[in-house]
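It should be emphasised that the depicted structure is a prediction, and the values quoted were computed from it without experimental measurement. Atoms considered below: every heavy atom in the structure, side chains included; atoms not considered: hydrogens, waters and symmetry mates.
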Amino acid sequence: MRYVLSVIVIVVCVIYWVNEQAPIDRELVIRRWAKDAPSDEKVYLLQRETTWMNKKPVLGAGQRYKEITEEKLRFVDSLLVGFLRKEGLADDDNGKKNILEQYYRQYLCYEEKGKTYVLINLYAYNVDRHPSRYIDQIIAPCPYTRVIDPLKGNNKDYMRFLLDMDKRALRFY
C-alpha cells in the first residue's frame, strides 16, 4: 500500500513539474480601430487576385476586374454615405462628421454581363495577432488582396455592399 501511494505521489509530482516546464504559447490580439487611424491608411483598392477569408477568389467566372478611378470612388462614397444615413446606420452626429472616417474601406470594381459593379467592404476595426514567441511578428490578412470580415456578416462594425454602377443601386451583400 505504501509502495502504491509513493508511486502516485511521484507521478503527480512529475506531471506537475512537466507542466511547469512546458512553454505556454499564447498570442496577443490587438484591435486597430479605423476611427483612430490616419485618413490615408483607411482606403484599400482591392486587386484582381483578391480572395475571401476562406481563400476562395472573389471574382468568379464571367466577372472581369476593372480599375476604379478617383472620380468613381468619390461617387461611390457619396452614394454609400446617403445609404448609411437612410438605413439609420450612420453615427455621424447629424452630418457633422464624415461617416466613412469610422471605417476601413475596401473597394473592388468589376464588370459582369456588360454591367459595372463595385463591391464595398467596411470594417470598423482590424485584428492583428502577435504570437507570444515572436512579439515583433504580426499575423494579419493583407487588406489589398483579402476581403476582411472576421464576423462573417453585416452589423455596425462590419458591413458589405454591392453597388450596381449602371442603376446606381446599392444593397447589402
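- The aromatic ring centroids of Tyr65 and Tyr110 lie 6.0 Å or more from each other.
- Checked against side chain to side chain donor-acceptor pair (under 3.5 Å), Arg64 has the following partners two or more places apart in sequence or in another chain: Glu111.
- Partners of Lys42 according to the side chain to side chain donor-acceptor pair (under 3.5 Å) rule, which considers only residues two or more places apart in sequence or in another chain, are Glu101.
- Contacts of Trp52 classified as ring-ring contact (aromatic ring centres under 6.0 Å, His included), with partners at least two apart in sequence or in another chain: none.
- Annotation: the span from Arg171 atom CZ to Leu162 atom CG amounts to 5.0 Å, rounded to 0.5 Å.
- Separation of atoms CZ (Arg160) and CG (Asn121) is listed at 5.0 Å; rounding is to 0.5 Å.
- Note: Arg74 CZ to Leu79 CG = 13.5 Å, rounded to the nearest 0.5 Å.
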Decide yes or no on side-chain contact (heavy atoms from CB on, under 4.5 Å) for Met165 and Val118, but give the supporting numbers first. CA-CA 7 Å; Met165 291 290 281; Val118 180; 3.9 Å; yes

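- The shortest heavy-atom contact between Arg32 and Tyr104 is O-CE1, 3.3 Å.
- The heavy-atom pair separating Cys109 from Thr116 by the smallest distance is SG-CG2, 3.7 Å.
- Residues that satisfy the side chain to side chain donor-acceptor pair (under 3.5 Å) test with Ser78, not counting sequence neighbours, are absent from this structure.
- Across Ala34 and Tyr123, no two heavy atoms sit closer than the pair CB-O, 4.2 Å.
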Is there a side-chain contact (heavy atoms from CB on, under 4.5 Å) between Met159 and Leu84? Walk through the geometry before answering. CA-CA 10 Å; Met159 294 181 275; Leu84 291 172; 3.9 Å; yes

Trace of the side-chain contact (heavy atoms from CB on, under 4.5 Å) decision for Leu73 with Val43: CA-CA 10 Å; Leu73 201 54; Val43 177; 4.3 Å; yes

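- Formation of a donor-acceptor pair under 3.5 Å by the Tyr158 side chain with backbone atoms of Tyr125 is found in this model.
- In this structure, CG on Leu122 lies 6.5 Å from CG on Leu100, to the nearest 0.5 angstrom.
- With sequence neighbours left out, the side chain to side chain donor-acceptor pair (under 3.5 Å) criterion links Tyr107 to Asp77, Arg105.
- One finds the CG atom of Asp166 at 6.5 Å from the NZ atom of Lys115 (value rounded to the nearest 0.5 Å).
- In this model, no donor atom of one side chain and acceptor atom of the other lie less than 3.5 Å apart for Lys56 and Thr51.
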Does the side-chain contact (heavy atoms from CB on, under 4.5 Å) test come out yes or no for Val58 and Leu46, once each step is laid out? CA-CA 10 Å; Val58 172; Leu46 293 169; over 6 Å; no

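- Checked against the 6.0 Å centroid criterion, the rings of Phe83 and Phe161 qualify as a close aromatic pair.
- With sequence neighbours left out, the side chain to side chain contact (heavy atoms under 4.5 Å, CB included) criterion links Lys35 to Trp33.
- Gln47 CD to Leu59 CG: the interatomic distance, rounded to the nearest 0.5 Å, is 12.0 Å.
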